[in-house]
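Letters go in sequence order (proteins before strands), and every chain restarts at 1.
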Amino acid sequence: MSDRVAIIDYVRTPFTLATLPGSGKAPGQLAHVEPINLFVPLVQHLMAAHPEINPKDVENVILGVVSPEGQQGLNLARMCVLHKDSPLPNSVQGETLDKFCGSSMRTIAMAEAEIRAGRGDVFIAGGVQSMSTIPMGGRDASTPGDVLAAHPAGFMDMGVTAENLAKLYGITREEQEAFSLASHQKAAAGRAAGHFDDEIVPINDRDGMPLKWDDIIRGESLDPEKAKAMAEKMKTLRTVFMRQEQGGTVTAATSSGVADGASAVLMTSVNYAKAHNLPVKAEIVSFAGSGCDPETMGLGPVEATRKALERAHLTMADIDIVELNEAFAAQSLAVIKEWDKQGMHIDPAKINVDGGAIALGHPLGASGARLVGHAANVLNRENKRYALATMCIGGGQGVAMVIENPNFKP
Amino acid sequence: MAERINTVTVVGAGAMGATIAAQLANAGTKVHLLDIVPKGAADRNTLAKGAIAKLLAGKGAGAGFMTNSNAKLVIPGNSEDDLESAVKDSDWVIEVIPERLEWKRDLFKKIEAYRRPDTIVSSNTSTLPLADMAEGFSDSFRKHFTITHFFNPPRYMRLLEVVKGVDTDQGVLDAIADYGDRRMGKNVIHCNDTPGFIGNRIGTFFMPRAASEAMEKGIPLEDVDAVLGRPFGFPKDGIFGLMDMVGLALMPHVVGSLEARLDKNDAFQLLDKKPMMDFLKTLIDSGRTGRSAPGGGFYLMKKGEDGSKQLTVIDPKTGEYHNVEKKKLPAAEAGKKGPRAVFEVGDELSQFAWHVMRDTLLYSASLIPEISDNIADVDAAMRDGYNWTKGPFELIDQIGPQWFVDKVKADGIELPPVLKMAAGRPFYAVEDGKQKHLSFDFANNKAEYVADKPKDGVLKLSDVKLASKPLLHNDSASVWDVGDGVLCVEFHSKMNTMDPSILHILNESVKMLNGDDKWKSMVIYNEDPKAFSAGANLGLVSKEFEIAKAPVSALNSMLTMSVLRGMHVPKKAAIALTNAVGKVASIIDKVAAPTLGKLIENHAFKSVNDLVHFGQAVYSAMRYSQKPIIGAPANLALGGGCEILLNCSAVQANAELYQGLVESGVGVLPAWTGCTRMLERIQQATGSKVLPMEHIKPLFMGLMMPPEAISTSAQDAKKKMWMRPTDGISMNRDRILFDAKQRGLKMALNYQPPKPAEFYLPGPSARAAFQMGADSLYISGGPNPKMPVTYQDVRIADAIGTVLTGGDTYPANRLTEDDMYHLERENFMSLVRTEETRHRISTLVSQGSAEREEPSYVDKTPAQLRAERVVEPLERRPVTGKPLEGEEAAQLAKMAQQTSWMMRKFG
């Protein structure tokens, strides 16, 4: 009898560019969809795909949302259970969690802990974020003055923390741009190869047509000529967060895109999966979170990864696949450098094989479950054993999770 | 009263047609905008749609719509598919297609078939005779047919020439005149059916007359424009600049059509236009058709590789462009003293100016009564259609009628009849408190002064002023009785900036209004063409701080200067002497500045603090007046001028209103109740007492980045909450005072002053969120690389953020207006205490624009920068909502006197 927890399935919506109302820009393709209606179709899909599971067995829906207010408020997870189209009975619990960008990876870790503690067999964990609906920081933005007094530079635009890392690690603008272009190329190639097909549940766009397309990925990056033009164009962009003459290097092209989207993972105990003949995509080996200085929040994955590996009794050398959230190119590159420094070297070819948030977009609360879920898919696709999913969190935190592919054949 | 005109069709979606359509939409009228279907066009309405899109993208003078939502009133179509339905739907059809008689007549034939019996049809032609266009059409068509000639751009140019045909119904003309005046805001001038009507007849004479002589004599074109611009009150573009702006290709067409149609003996026909026309042809043939052409026209703006710009001008002899340099031209310099001084210089340029102006003014005079029998209409047409400050007859008056006549005679030129009849008298005179002008009786060869009948619904303060004396008056403001128990406060300081003198008059006028039953209401209004009020007068504040820096030198130079000038020592000598004494003084200053300077500085802080409080008190007294006070602004209403309107019981504004709180530009925040009033407006608009950041943030951003927040029209001011939804808009600026007075009288019947506002604001954590936002903008430089967010902006943002979030409060706490005014004053003063703000203020005063900090970025953290803004706790000074009395009123009166003294002394 294993006491491990299994990831049975993972799905997400397409990730689409978000636009705030009144910004004057053409509204994003999913800007009109209420956050609840981004998540409920995922729940429907998961339950329909696994009829072996009696909906009554579902213990809890745990949902990660950043700024759970307005349309994202009112304990959205429970609202999803009560939604008119929900396949779940009223006996299923729902709870909502906000750990900024780490939210939905944390929901998976919570579900895992609950299952291991014997407080239920089946969980749905995931995240949702409509950045078109609720602006970053929320509608009633407020920063406790007493926190600001201690960390005056920790809560500005997150891009400023990326600039801090670029400076600290001597990461040039050219390196960042090359990283971003590669992210688009990998994502475009992944999309072309159908690597996202199984995970995307279509959502109806403004015209009522089912949308299955991540619209931030620059498909033209696969054409060498056009990629060259893209690279040239990137050079001309103005820095967004710090003036160029003050050494600013981070541009819109080297930052993750604001996006609308949701992601969901269906989890059971390994024993339940066996008993109900459920296919297992991955098993969770370990999880860790950690805190760091808010001014260099992008380094969060470093310590979180160290702890997660230690808890898994593994080293970086054992890891075959890494999903590292690309909040910013500078931030990702800094993490990789710091891993190196701390003896956690990893071959860059193993990182984000299908691109990352720079190309796909970063719908804050929904990104963590995508990293874990997609890592599980890649492990199976490439017949690899261990994957690490990790991300940084505004305010100075990191989370990391190690998963193992039970279908791996040496 | 039902409106006669509710739907209009405009045929022709070129620049003129589209902008006329936009102004119709601005008037709230539904418009069908039609143009032809271009060959092979996928979208048959592409021309009209393209024209609307272009209007929507336009900025500044190119912005035809007063607010973009007006575009919804313009329905694009094409003249092949939609003419019938559009014309059938319309009360008025305006033709704005190219100037080809046959094309126009073809169009009118189609329109005639579709029009309802009462549909008015007009042409916007500038050259074709009405008679030729209407010939052969049905009686009904001819009765309803007229020419409506708009000037470009139709939103801003106030002239609308309406031409009566032989058969045109008076009712039709009345309907057009009424709609054009009241709804479109135009000055409607009735013209005879003569070539070029009024404006172009004179304007088209003036330009070739000047250009040809200039080219013949080889006078540099930029010199011509320097003398035939500002000195005569013409637009500074002069002759060639104007042609460049209008587009050179138009000129041969306009000149040609006048040549074809005017009498052979008309002075225009006798004019030698060849030098200009030949050169125009050269330019046009080479594609240099004016300002919008890449090759320029007479002028060409050359751009350097580094983005620098250099204006160049062509030398007609060589065809080469050379840089336009600043020159000292005696004739143009003399123009500052008026046109006559230009003629008195006597050099070549001066003589040239005389020839041109002499002939133009004589030509204008010779056209009475052919083009109009009313000289006031002719003057108005040139003012409102060509942006002349004075029309030709007003110019003759300004030059001196007898002087002009004598000089013309000395040139051996015969005088036209009206100048003979005027017999040396001015064309305009005030008699019995009324503005009158000469009217000519050609049959009996005599002229006498008559007053034109005032239009219904038009009340001009200038007329009131001719007929009465002010009830209260000082250098900066006056109070007038405008009849029916209504008082009018007029500002007349420079750009109508708010100073202690204006506050004093306002305070006293509120007492007057509420102290006597005979007064029902009060209007705040003036007829300055540029500004209702450009804001607070910062010169006085700046002066004191300037003195504080080097007190002995400054006081010494002032005293020495005034004593010497009092002794009639010539200015130059006085300056030299004063400078000499100043050298000694500066040595003393080094010792004295720390003590004496500090004393003066402290006094300056005290004066500023008092002034902020007095402004709050007086504005508040207006707000709580027992009788309604109506703000009646036009054009600029900025800063303190905006705040006064926010405290009025209601506003009746001109359609062209550029209102906003721009204080952050000079390093301060709106402290004459501006922040408080805007928070209250947000409360009212959202209906929520506790304001979340989502609602406060746009106000914060607007106050930090004023350019985007200034309204581009009164309609836009409503969207931006500077005006209330219930406030009124007068499209025609001549009607504001009358409309405002009526509004005041109506409100007075049942008036209740507003209830005091109270606020529940989010406090320090919300302020911290604003700080974060401002810090990010500072670190990144902000959205506009040309005007980066500076380190001082971090402090200004902190001050504004503190006020808007209520200081050290929490949503559970109730804040009164008094609490808010105190916050405004305390935070305003904290900014005045910073060097950077004082530098912005002093450069605004000395150079006309506030100089921002250079470099914008310093080696300090935002938190350190904020810590340098010292908020000294100030004594609470209750704002009672009643006019200032006793000691405070006396203090304000004294400050007003000092203001007058200083303004007279130092300007």
Engineer: With a 6.0 Å cut-off (strictly less than), is the heavy-atom count around CZ of A:Phe100, excluding the residue itself, greater than 12?
Structural biologist: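 For A:Phe100, atom CZ is not crowded (no more than 12 foreign heavy atoms under 6.0 Å).
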Engineer: Let me confirm one number: the CZ-NZ distance from A:Arg139 to B:Lys697, rounded to the nearest 0.5 Å.
Structural biologist: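 Separation between the atoms: 12.5 Å.
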Engineer: Run the numbers on B:Tyr778 and A:Met242 for side-chain contact (heavy atoms from CB on, under 4.5 Å), then give the verdict.
Structural biologist: CA-CA 8 Å; B:Tyr778 169 58; A:Met242 183 181 284; over 6 Å; no
Engineer: Flag the one option from B:Ser856, B:Gly763, B:Pro785, B:Pro855 with the top tally of heavy-atom pairs under 4.5 Å to chain A.
Structural biologist: B:Pro785
Engineer: Considering residues, nucleotides and ligands other than A:Leu237, do more than 12 of their heavy atoms fall under 6.0 Å from its CG?
Structural biologist: yes
Engineer: Please step through side-chain contact (heavy atoms from CB on, under 4.5 Å) for the pair B:Ile779 and A:Arg243, ending with a clear verdict.
Structural biologist: CA-CA 6 Å; B:Ile779 306 272; A:Arg243 15 189 131 197; over 6 Å; no
Engineer: Could you tell me which of A:Asp140, A:Val250, A:Val160 has the largest number of non-hydrogen atom pairs under 4.5 Å with chain B?
Structural biologist: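 Answer, by heavy-atom pair count under 4.5 Å with chain B: A:Asp140.
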Engineer: Quick one: does any side-chain atom of A:Thr143 pair with a main-chain N or O of B:Ser765 as donor and acceptor, under 3.5 Å?
Structural biologist: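 Not at all, since once roles are kept as given, no pair shorter than 3.5 Å links the two residues.
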Engineer: With chain A as the partner, which of B:Pro692, B:Gly781, B:Ser776 has the greatest number of non-hydrogen pairs under 4.5 Å?
Structural biologist: B:Ser776
Engineer: Can you confirm whether more than 12 heavy atoms, excluding those of A:Arg218, are under 6.0 Å from its CZ atom?
Structural biologist: no
Engineer: Please give me the minimum heavy-atom distance between B:Ala769 and A:Ala141, naming the atom from each residue.
Structural biologist: CB-O, 3.6 Å
